[in-house]
Amino acid sequence: MNYLTLIMAIPLLGAALIATLPQSKSLLAKQFALGTTLIAAVATIFMTTKFERSNTALQFVESYDWIKAFGIKYAVGVDGIALVLILMTALLTPIVVLAGWNESEGGRWSTKTFYILILVLQTMSFGVFAATDVFLFYVFFEAMLVPVYFLIGGYGSGERSAAAVKFLLYSLFGGLLMLASIIALYVLSGEQGGHTFDIEALSQLEMSSTTQNLLFLGFFIAFAIKAPLFPFHTWLPDAAKSATPGTSVLLLGVLDKVGTFGMIRYCLSIFPEASKTFTPLIITLSVISILYGAFLAIGAKDIKRLIAYTSISHFGFITLGIFAMTTQAQSGATLYMFNHGFSTAALFLVAGWMISRRGSSTIADFGGLQRVTPVMAWSFFIAGMSSLALPGLSSFVSEFLVLVGTFTRYPVAAVIATFGIVLAALYILIPVQRALHGPTEPGNENLKDLNLREKIAIAPVIAVIVVLGFYPSPALNIINPAAAQVVSQMGFTDPLPTHGGK
Amino acid sequence: MSEFISPTLSYSLLSPILVVFAGAIIGVLIEAFASKSIRPIAQVSVSIGTLVLALVQVWRIRSSSSTTAAMGSVIIDGPGLLLQGSILIISIIAVFLIADTENFAAAPAAIPGSSEERESIARGQQVSEVFPLTLFAVAGMLIFPVASDLITLFVALEVLSLPLYLMAGLSRRRRLLSQESALKYFLLGAFSSAFFLFGAAYLYGYSGSISFAGIRDAVVGGTGNDVFLLIGIAFLSIGLLFKVGAVPFHAWTPDVYQGAPTPVTAFMAAATKVAAFGAMLRIYYSVFANAEWSWRPLITGIAIITMVFGSLVAISQRDVKRMLAYSSIAHAGFLLTGVIALNKAGLDASIYYLFAYGIASVGAFAVVTLVRDSAGEVTDLNRWAGLGKRSPWVATSFATFLLAFAGIPLTSGFIGKFSIFSAAYESGATAVVIAGVLSSAIAAFFYIRVIVLMFFSDPLEDATSVLIPSILTRITVLFSVVVTIFLGVFPSPLLDFISNIAIFIR
Amino acid sequence: MLVNNGLVYLIALPLFGSALLLLAGRRADRWGHLFATAMSAMSFVLGAVQFYEMLGRDAENRAVTQKLFTWISVGSFNVDAGLLLDQLSICFVLLITGVGTLIHIYSIAYMDHDKDRRRFFAYLNLFIAAMLLLVMGDSYLNLYVGWEGVGLASYLLIGFWNQKPAYATASKKAFIANRVGDMGLSFAIMIAFATMGTVSFIGVKEAAEGSSQGALTAIGLMLLLAATGKSAQFPLQAWLGDAMAGPTPVSALIHAATMVTAGVYLITRSNFIFDAAPTAQLLVVIVGAITLLFGAIIGTAKDDIKKALAASTMSQIGYMVLATGLGPVGYAFAIMHLLTHGFFKAGMFLGAGSVMHGTGDEVNMRKFGGIRHFMPVTFATFGLGYLAILGVPPFAGFYSKDKIIETAFYSGGIKGILIGSIALFGAALTAFYMTRVMILTFAGTPRYDINNPPHESSFLMLLPMGILAIGSVTSGFLLARGEALVHWLEPLFHAHEGHGPEILPPVVISLMALTVVIIGATFAWFKYGRGPVADTAPTNVSIFTRIARRDLLQDDFNESVFMRPGQALTRLIVKTDDVVVDGTVRGVAAATLGSGAALRTSQTGFVRSYAALIVIGAIALIAAIWAVTL
Amino acid sequence: MNPTNYLYVSALLFTIGAIGVVVRRNAIVVFMCIELMLNAANLSFVTFARMNGNLDGQVVAFFTMVVAACEVVVGLAIIVTIYRSRRSASVDDASLLRR
């Protein structure tokens with residue numbers, strides 16, 4: 001059974017179906033979209049159950065010639081890392097659809113178009129995580145930009161078109177650098193036994209260290225822009241501020257993971273030596289991102305920008321974990337990607353509801369919501385606690401794994417990064433105090449609390465956050481073998497306990 | 001003196017060219033003798049019939065290729081036939097656009113706004129000489145990439161150019177601009193022809209032969225005076241670079257693209273580029289291949305300057321046709337990387353790129369013809385604002401072409417760019433690849449800006465309407481969109497086809 | 001070790017209570033408080049049963065464990081969700097659930113008028129659960145969960161009335177200060193894992209013997225940092241005073257009896273680290289000594305009754321921390337003081353709450369006076385607590401504090417004399433400020449509207465106060481009798497290594513302590529008891545008093561050293577991000593546009609200039625080709 | 001006489017033509033300059049034919065003349081049309097299209 005192709009096909013079929021609907025049936029379009037994403041979610045969960053956890057080889061593999069002249073294949077397959085990200089995407093999309101039920105209505109175009117874009121984006125997200133052919137990956141990587149671009153520019157708010165353009169150009173620029181590297185890989189593979197884009201085959205290529213370093217940078221910068229890592233992050237706050245909350249969830253929760261996922265899948269496996277060469281630099285950038293993003297978040301006045309900045313900080317942790325090269329950090333980074341998807345989703349969705357009710361995204365315009373809209377306030381609070389990695393919530397597990405895993409190899413980086421947890425408390429509690437606590441500011445007295453649909457949307461997110469906090473094993477069991485495989489392929493073993501030199 | 005040998009022309013192999021010439025002559029006769037009422041429909045059907053027939057001929061002789069014809073003046077080989085096929089397909093859809101005679105002056109010779117002109121409009125007297133002119137140009141283009149001696153090459157160049165000079169001046173609206181563009185195109189074209197011819201003379205002087213084979217032998221043998229060779233290469237290159245619009249020989253491009261009637265621009269932009277690059281590929285790949293030490297660095301430099309310049313200047317354009325013109329300059333730069341590559345992959349990639357770009361170009365200009373107000377086409381980009389709202393399909397089609405120009409995956413432009421850059425990289429031209437990638441990023445800037453304008457901006461007050469497209473225009477746009485996307489998603493058939501037959505014979 | 005699968009219910013019951021009350025929302029308003037109290041009480045009963053069973057076993061077999069499931073397992077990093085109940089944790093379990101239940105009962109009445117009472121009880125239950133997890137977790141990471149959990153509960157409870165901006169700020173301040181400490185705990189766990197490969201208590205204990213001094217010292221210092229955060233020790237003490245923003249039962253439960261003692265628990269639990277790391281241990285003593293004076297000095301200047309008590313708490317925990325720093329001999333006394341303090345300080349806080357309840361939420365002691373006439377029961381219970389904290393025999397504090405002073409003196413050499421003296425001086429200060437509180441509140445003449453006198457609180461409030469007062473009287477004797485607690489805890493620590501030379505006989509030290517207490521109390525009586533007290537704080541006071549009133553400038557320090565530079569840094573980074581980082585991006589875009597516009601001017605429109613361009617191009621081409629082939 | 005000299009003459013003529021195109025304003029004159037350049041090329045062809053000892057160059061010259069004649073037709077048509085519209089044969093006046 002070709003699960004991966006199937007789950008990629010489901011949203012595409014749904015999109016086609018929605019395209020046939022008349023323009024006026026916007027409710028039907030929504031229902032179709034929800035149904036499609038739910039079916040995709042169920043299919044993905046079913047696929048997850050079929051996944052052999054202990055098997056570190058790629059699974060659900062399929063491969064067909066696509067462009068034979070260039071050795072390009074439609075080749076898909078997943079390991080534990082890709083699987084959890086696909087699962088995350090599959091779970092988040094129906095939630096986004098349900099949570100943002102009325103999001104499409106302020107847009108330039110019809111509701112129908114909105115959901116077609118969302119579904120196409122979902123297919124591409126699946127594809128980008130599932131691809132095992134570099135070219136196929138690149139195609140998804142770039143093509144994904146188009147629906148997101150239209151989602152931001154067409155349905156966002158404020159300076160939406162400027163933000164969309166900034167996002168697109170930034171990403172395209174990175175993508176083109178990656179393209180240059182891909183071209184070089186293509187040529188190299190041609191010189192060494194036939195053109196191919198198969199990751200396995202590419203990882204066997206022999207390259208001079210200069211070549212490897214340059215090609216690595218091509219990939220890495222593209223991923224660092226996507227992730228986003230300091231100093232390539234400035235597109236994110238603008239995009240997140242302008243996009244609809246649902247789009248922001250997909251943007252930060254799913255799309256940006258492509259960057260960190262790409263680092264694991266492509267940077268590490270194809271350029272192991274260059275990865276080691278650049279590790280000190282990347283670790284430095286990660287640590288800077290953690291603190292820098294946190295400070296920006298503390299200074300943010302707009303709630304959506306704030307969430308975007310927190311993500312910059314979180315992506316710093318993820319990158320740190322990836323390049324620390326210990327099993328703990330590697331597993332932690334992947335789990336972090338998964339968890340971050342949900343905690344950011346919770347933050348953005350609730351923030352979106354707050355903003356749509358209040359008509360403003362400025363934090364100072366809120367106040368005392370806990371008394372007016374307790375359920376909404378609580379949801380935001382729990383999401384915030386997850387974002388600051390409170391023990392007992394899912395992010396803690398991943399953040400701590402990254403830190404402890406990094407510490408065994410790079411103690412200084414881990415120590416500096418740990419300061420991020422204090423800053424995290426600040427950047428979450430400041431908006432909590434301003435928006436949820438204090439006296440009820442004028443303009444907030446009559447806000448409505450979450451309705452049933454919104455409660456249904458947010459509940460599973462919070463459930464995931466809480467359950468994985470106490471019991472992360474289901475996710476870790478999938479991730480661990482793959483993460484360990486990555487570390488061992490890079491030729492690393494976990495540092496042994498030193499007993500402090502004794 | 002040897003005995004006179006009766007020339008063998010291999011009519012079969014020349015049939016596509018001959019068919020087009022015949023069609024052109026029939027067109028002239030129709031223009032002269034047919035009654036006004038049937039003239040338009042007759043011209044259109046003759047043109048299209050001729051081109052289709054020629055295309056069929058090309059297909060028919062595809063397997064008997066790789067030989068010379070007309071006493072070695074013409075080489076019919078894989079690349080030549082592919083390019084001829086491309087030119088014919090592009091011409092057919094371009095003729096669909098030209099068939100919308102609304103764009104053309106009723107009496108081009110008349111003074112704009114004169115009583116003669118009013119009279120001819122009032123009587124519905126539409127001169128349709130544009131069709132035979134097009135066919136003559138096509139014939140020239142068909143010969144240009146297969147020519148294998150200097151005379152044929154020069155004559156083909158003039159045969160394709162002269163009709164175009166005239167066609168540029170045929171616009172119904174903004175006559176002054178149109179005539180100015182014709183004048184500029186003509187003067188500069190003739191000027192560059194002189195360079196071309198001068199270069200040809202020195203190549204002849206170098207090798208003692210006007211046939212490509214002779215020149216190549218001389219280059220390989222290294223017997224002649226290198227100074228002659230270098231002057232020859234330089235001046236011949238100027239002529240060719242002028243035709244493809246490479247910097248610094250590009251200056252005519254924006255003015256002519258803007259001034260000429262849009263269907264003519266479409267035809268010229270797409271088909272001329274195929275023909276000119278076709279000739280260029282043949283000359284550099286087979287004739288000058290062994291002298292690559294002399295020209296490759298130069299072409300590399302020109303390629304880099306061209307793509308960067310085209311991309312940079314396109315950003316600040318406010319007129320859609322000028323923007324497309326600069327975009328075509330940038331693409332000329334990209335295509336030059338295929339010339340530099342100087343390997344089989346480069347050849348295949350260039351042919352693929354030319355075809356894909358040509359189709360997308362015609363499509364893009366076809367869309368331009370549709371956006372009008374009461375005074376004719378609206379090419380001011382500001383007034384394209386909000387097009388996506390009013391005419392989503394037109395805007396989406398245009399966006400597709402722009403994405404293809406930008407080289408976004410799943411469009412033909414991406415495959416083209418990938419293949420041509422990888423070929424160049426393979427040949428060691430890393431610098432040009434990096435410049436190409438960077439200018440692609442710049443280029444993306446203005447393509448996206450147009451998309452933003454169409455989809456994300458609110459329309460200005462004065463409503464720009466979109467003409468309900470004629471069936472032929474609709475076919476053109478639809479065909480272009482389908483081909484652009486199909487070649488982006490399933491490029492294999494075409495790539496394999498090209499790869500199998502695109503081998504220059506020497 | 002014995003396995004007991006029932007341990008989890010101790011935590012699960014209050015956790016369930018909390019979750020139910022929060023999720024049920026307003027529907028649970030009518031019965032929520034009763035349910036939460038029941039959960040807490042049942043947890044206490046379970047704890048008592050565990051204690052009883054424990055008593056029935058040998059000293060070696062008293063500890064019981066329970067493994068719930070594998071929590072985090074990656075590579076060699078394996079942490080189970082496991083619980084450990086031993087002699088040390090059972091003390092805490094009983095204190096937490098016992099005092100906790102009493103405070104639940106008290107709160108039923110105290111929070112009667114608050115429409116959010118259900119939420120308050122949910123938080124209380126959440127706190128109980130988290131605190132139990134803190135003391136029952138079998139590894140540092142499990143402890144960490146409880147550790148931050150109580151921080152969260154504390155945050156929620158301090159900010160319970162967060163509609164007042166100052167209260168919301170106080171709760172945030174507490175959380176942040178705690179987080180700084182938590183960072184220390186993170187570091188400790190990381191170092192432990194990196195050097196020992198394990199984070200469980202048992203594992204670390206075993207590995208500690210083979211570990212280097214450096215690693216142990218590092219872990220110890222980081223644990224101390226954690227302890228200073230949670231236990232409001234110097235230098236992370238500043239949050240505790242502000243935390244009095246929370247409802248008074250919270251102050252009693254969290255900020256007097258239980259949570260703030262978590263640092264003491266942590267150090268005691270990590271005895272195997274500190275015993276092997278003398279540097280860290282010394283620093284523990286120093287921190288304890290500084291804090292006990294620090295708190296006591298602040299206590300002397302506070303007019304807010306709760307803040308005075310909070311300062312006192314800080315000071316008393318300073319005693320405990322100091323004791324833990326004295327090594328094996330000190331742990332048991334630290335825990336003993338912790339337990340007795342739990343009784344008398346909770347009792348006094350509840351008393352203060354009772355007074356506030358009776359006076360319409362007045363906290364300024366200068367507006368009190370002579371309340372003993374109106375609230376006799378409150379006076380009595382508070383008074384018993386007063387005697388206990390002063391260390392008057394035979395009240396509880398006498399047994400525990402005396403032992404700490406004694407041990408401090410016996411810790412050897414100059415150090416012993418120094419810290420002994422500090423502890424002694426602290427006792428004097430304690431007597432001064434507590435007497436001041438007593439006099440200002442209960443004695444003297446009323447300084448409020450006599451026509452609207454305070455009224456005594458309801459039975460539900462008086463009952464817990466009474467029970468705690470009984471504890472204040474008896475707990476010391478019970479714990480110290482036959483060194484009961486010392487023997488009870490003995491298996492956990494390196495058995496009696498004894499202490500340094502007894503430089504003075506214990507009796508002398510006790511007498512000295514009693515003497516300074518009397519001096520302190522007398523001094524207070526002279527200052528406040530003899531004449532009328534101004535109902536506003538006098539302003540013409542010495543600089544020292546003013547500094548003490550400003551909490552020894554702790555906030556000023558934090559503000560000028562951390563907060564303002566932090567804000568400046570934040571502004572700087574925000575600005576940098578906009579101007580430099582994003583500015584570069586925008587600059588590149590602008591430069592691209594600009595160069596496009598500049599190049600555009602080359603297109604002059606004149607055909608002759610185009611021709612000239614071609615000629616120039618031709619010349620350049622010839623020149624280049626000539627250059628290339630040269 | 002050394003045929004190389006003819007090459008110099010041809011180059012000179014070509015240069016004069018090119019300079020003429022750049023400096024002269026009248027469209028007809030510009031066009032004549034271009035014709036001069038074409039004929040310079042023709043001269044080169046003929047010279048090379050002489051140097052190389054074959055007739056190919058001369059043949060080319062004939063072709064060129066025919067082509068040049070065609071160019072004249074087309075060119076004059078364009079110039080005349082624009083003159084009728086503008087009443088000016090100055091190439092500098094035709095500069096509406098720019099930037």
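In what follows, every chain begins at residue 1, and chains take the letters A, B, ... in the order their sequences are listed.
Looking at L438(B), only its side chain comes within 4.5 Å of chain A, counting heavy atoms on both sides. Both the backbone and the side chain of S440(B) come within contact range of chain A, judged by heavy atoms closer than 4.5 Å. In this structure, the portion of S457(B) lying under 4.5 Å from any heavy atom of chain A is its backbone and not its side chain. Contact of L179(A) with chain B is made through the side chain alone, with heavy-atom distances under 4.5 Å. Contacts between I408(B) and chain A at a heavy-atom distance below 4.5 Å involve the side chain alone, from C-beta outward. Heavy atoms of F140(A) lying under 4.5 Å from chain B are absent altogether.
With chain A as the partner, the residue from G407(B), A399(B), P409(B) showing the most heavy-atom pairs under 4.5 Å is P409(B). Of all the listed residues (L188(A), L168(A), L177(A)), the one sharing the greatest number of non-hydrogen pairs under 4.5 Å with chain B is L168(A). Heavy-atom pairs under 4.5 Å with chain A were tallied for D496(B), I498(B), V452(B); the largest tally goes to V452(B).
One distance of note links OG1 of T123(A) with CE of M144(A); it measures 10.5 Å at 0.5 Å rounding. Rounding to the nearest 0.5 angstrom, the gap separating the CZ atom in F497(B) from the CG atom in D348(B) is 12.0 Å. Rounded to the nearest 0.5 angstrom, T111(A) OG1 and I116(A) CD1 are separated by 11.0 Å. Rounded to the nearest 0.5 Å, atoms CG (D238(A)) and NZ (K241(A)) are 9.0 Å apart. Separating the CD1 atom in I183(A) from the CD1 atom in I434(B) is a distance of 10.5 Å, to the nearest 0.5 Å. Here the straight-line distance linking atom CZ of F421(B) with atom CD of E426(B) works out to 15.0 Å at 0.5 Å rounding.
The ring of H331(B) has its center closer than 6.0 angstrom to the ring center of Y357(B). Less than 6.0 angstrom separates the ring centroid of W109(A) from the ring centroid of F456(B).
Within the 4.5 Å cutoff, side-chain heavy atoms of I329(B) are placed close to those of T306(B). The side-chain heavy atoms of L145(A) and F167(A), taken from C-beta on, include a pair separated by under 4.5 Å. Put simply, the side chain of F355(B) reaches to within 4.5 Å of the side chain of I89(B), judged on heavy atoms.
Geometrically, K417(B) does not engage F405(B) in a cation-pi contact defined by less than 6.0 Å to the ring centre and at most 45° from the axis.
Other residues, nucleotides and ligands place no more than 12 heavy atoms under 6.0 Å from the CZ atom of F173(A).
Contacts of residues 307-315 of chain B with chain A at a heavy-atom distance below 4.5 Å are absent; not one residue qualifies. Residues of residues 130-137 of chain A lying within less than 4.5 angstrom of chain B, judged on heavy atoms, are F135(A) in numerical order. Inspection of non-hydrogen atoms places no residue of residues 203-222 of chain A under 4.5 Å from chain B. Of residues 151-162 of chain A, those residues lying under 4.5 Å from chain B by any heavy-atom pair are G153(A), G154(A), S161(A).
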Under the side-chain hydrogen bond (donor to acceptor under 3.5 Å, both in side chains) criterion, do Y149(A) and S171(A) qualify, and how do the steps go? CA-CA 10 Å; Y149(A) 169 69; S171(A) 303; over 6 Å; no
Stepwise salt bridge (charged side-chain N to carboxylate O under 4.0 Å, His left out) test for D65(A) and K73(A): CA-CA 4 Å; D65(A) 279 332; K73(A) 288 181 158 60; 3.6 Å; yes
Take F486(B) and L494(B), measure what side-chain contact (heavy atoms from CB on, under 4.5 Å) needs, and give me the verdict at the end. CA-CA 10 Å; F486(B) 184 82; L494(B) 183 59; over 6 Å; no
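For the residue pair S422(B) / S419(B), no side-chain donor-acceptor distance below 3.5 Å is found, with atom types taken as modelled. In summary, the side chains of Y447(B) and S327(B) do present a donor paired with an acceptor at a separation below 3.5 Å, with no hydrogens or angles considered. Between the side chains of Q122(A) and T89(A), no donor-acceptor pair is found at a separation under 3.5 Å.
Exactly one of Y74(A), Y138(A), Y186(A), W66(A) qualifies for a ring-ring contact (aromatic ring centres under 6.0 Å, His included) with F197(A). That residue is Y186(A).
By the 30° and 60° cut-offs, the orientation of the rings of F141(A) relative to F223(A) is perpendicular.
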